[in-house]
Amino acid sequence: MEAHKLRSVMYRLAVVVAVIMLLQNPVLGATDECVYSGIINLGDSNSDTGGLSAAFGQAPYPHGETFFHAPVGRLCDGRLIIDFIGLPYLNAFLDAVGSNFTHGVNFATAGSSILPQTRTLKQSGFSPISLDVQWAQFNDFHRRTQIFRQKESIFQELLPKPELFSSALYTIDIGQNDLTSALFLNKSTDQVKAAVPEMMDQFKNIVKNVYGQGGRSFWIHNTGPVGCLAYVLVRLPVKAAQLDHFGCATPFNDLAQHFNSKLKEAVVQLRKDLPLAAFTYVDVYSVKYNLFTQTKRLGFKESLKTCCGFGRKLNYNKDVVCGATKKVHGKEVLVAKACKDPLVWINWDGVHYTEAANKYVFDQIVGGSFSDPPIPVLNLHLTC
């Protein structure tokens, strides 16, 4: 069979399979009824809605200024990708004050990695709440919430019903910190690549553990173009010849793409190992990279430069991060300020994206165009 005919047949077969899955799996297909009872999220700062702040202190102003008009635990001027899925916003597992978990729970913390860190948060800047710790928290949360729901009616208004754990959408976005933390320890890209199989083994084991607790629907994001982020471009040695036409560091983006290829293979294997579960692999790398390659066309004015920071190169300084203050005549003065209009900036604080950039990413991925299988996650109803 000629190559183009084979591709045509394979494409039609993929469409048929997608339609069948859509019709047979209400978790993927329904839009007019209650699709998911809630969302359970694991990950890092790309989806942390307050975990790190609850554990180690609130991310200071101007974080949250654009949308929430106050710090709310997000390392962003406003909403993250996960916040655009639907209301109500997902509360962090570690945030005990004012939280309601009936619609889901968020175990993500900024700085988290798949593999445990070998240094403390203060030493490295990366969270000790790695993916295995998040799994332990989830396991305990699942067990204890159902015990407390049976004790008093007040807990039924704050804690999830038993069915949430099998009908929730499990979203996972993690891996960026495994790459960057290793690079900041002066490991070469080849050395980091050599550790990726161990990352994937850990990732698959955690997903299988979640499956054992009832998880059946997984929305898994790959990692973004780390070579386009200021904290990488400033902190790591990059030669001019290693920059692409948009100012991104090619070796580090290649590393991210290597990680992503192995993550996709891991998802394929999970589909074989757990045939009763539905796995959607989401290529956020391509969408985020578009932000840097099509900045002006997408309505942004700044791409690599940091909106909130203090420094010479790209307005980023790891020792004077967004929201940093200093005492002047006995009074605290904000040093690392935000730019005037974050809506036209892509990079918020050198590490994370602005709300405007996050909204763009969500708008691109929600319809399924960057997903495998290409099934939209449309109109997620968190309540019936």
Side-chain angles (χ1 to χ4, degrees), residues 44-46 62-63 75-77 80 110-113 124-126 173-193 196 221-260 284-296 298 300-324 335-339 342 344-358 360-361:
D44 54 28
S45 56
N46 289 298
H63 291 296
L75 295 176
C76 179
D77 61 308
L80 309 177
S112 290
S113 49
S124 67
F126 293 93
D173 187 331
I174 197 167
Q176 176 176 320
N177 296 316
D178 290 271
L179 307 183
T180 56
S181 64
L183 292 171
F184 294 155
L185 288 174
N186 296 320
K187 292 186 177 182
S188 68
T189 54
D190 286 340
Q191 288 176 312
V192 182
K193 286 179 181 179
V196 171
H221 292 191
N222 66 13
T223 201
V226 295
C228 298
L229 299 177
Y231 83 128
V232 170
L233 291 169
V234 172
R235 294 180 62 178
L236 296 175
V238 182
K239 298 177 182 178
Q242 295 176 315
L243 298 176
D244 63 19
H245 294 301
F246 312 100
C248 299
T250 300
F252 306 131
N253 279 349
D254 288 345
L255 174 61
Q257 289 178 308
H258 174 79
F259 172 92
N260 290 340
V284 297
Y285 178 99
S286 293
V287 182
K288 288 182 175 179
Y289 190 56
N290 285 344
L291 286 166
F292 300 98
T293 63
Q294 304 176 46
T295 302
K296 304 296 183 183
L298 296 175
F300 294 93
K301 294 181 180 179
E302 293 286 350
S303 56
L304 302 178
K305 191 175 181 181
T306 295
C307 169
C308 183
F310 179 86
R312 294 179 180 177
K313 186 178 180 181
L314 300 180
N315 195 38
Y316 175 80
N317 184 330
K318 71 179 182 66
D319 298 316
V320 190
V321 297
C322 179
V335 175
K337 302 177 182 179
C339 56
V344 294
W345 291 59
I346 292 169
N347 198 319
W348 168 240
D349 60 358
V351 185
H352 310 98
Y353 293 78
T354 61
E355 173 178 295
N358 287 330
Y360 167 78
V361 174

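The CG atom of L185 lies 10.5 Å from the CD atom of Q191; values are rounded to the nearest 0.5 Å. Between atom CG of residue N347 and atom NZ of residue K305 there is a gap of 11.5 Å, rounded to the nearest 0.5 Å. Atom CZ of residue F246 and atom OG1 of residue T293 lie 5.0 Å apart, to the nearest 0.5 angstrom.
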Practice item. Walk me through it: do N46 and Q176 pass the test side chain to side chain contact (heavy atoms under 4.5 Å, CB included)? Key: CA-CA 9 Å; N46 289 298; Q176 176 176 320; 3.5 Å; yes
Review point. For H63 and D349, what are the C-alpha separation, side-chain angles and deciding distance, and is it a side chain to side chain contact (heavy atoms under 4.5 Å, CB included)?
Key: CA-CA 9 Å; H63 291 296; D349 60 358; 3.8 Å; yes
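With hydrogens and angles ignored, the 3.5 Å screen pairs no side-chain donor or acceptor of T354 with any backbone N or O of W348. In this structure, the side chain of K301 does not engage the main chain of K296 through any donor-acceptor pair within 3.5 Å.
Every residue meeting the side-chain hydrogen bond (donor to acceptor under 3.5 Å, both in side chains) condition with S181, not counting sequence neighbours, appears here in chain and number order: Q117.
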When the side chains of residues 252-259 are checked against the rest of the protein, which donor-acceptor pairs come out under 3.5 Å, sequence neighbours left out?
{"from": "N253", "atom 1": "OD1", "to": "V226", "atom 2": "N", "distance (Å)": "3.4"}
{"from": "N253", "atom 1": "OD1", "to": "G227", "atom 2": "N", "distance (Å)": "2.7"}

When the side chains of residues 308-316 are checked against the rest of the protein, which donor-acceptor pairs come out under 3.5 Å, sequence neighbours left out?
{"from": "K313", "atom 1": "NZ", "to": "L233", "atom 2": "O", "distance (Å)": "3.4"}
{"from": "N315", "atom 1": "ND2", "to": "T306", "atom 2": "O", "distance (Å)": "2.9"}

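Contact of the L183 side chain with the R235 side chain is not registered, since no non-hydrogen atoms from C-beta on lie closer than 4.5 Å. Considering only heavy atoms from C-beta on, D44 comes within 4.5 Å of D173 through its side chain. The shortest distance between side-chain heavy atoms of W345 and D77 does not fall below 4.5 Å. With contacts defined as side-chain heavy-atom distances shorter than 4.5 Å, the pair C76/H352 does not qualify. Looking at heavy atoms from C-beta onward, L291 lies in side-chain contact with Y360 at the 4.5 angstrom threshold. Residues Y353 and I346 have side chains in contact (heavy-atom distance under 4.5 Å, counting atoms from C-beta outward).
Among all heavy-atom pairs drawn from P62 and G323, the shortest one is CD-CA, 3.8 Å. Heavy atoms only, all atoms of each residue included: G175 and T223 are closest at C-OG1, 4.2 Å. Shortest non-hydrogen contact noted between C248 and F292 is SG-CB, 4.1 Å.
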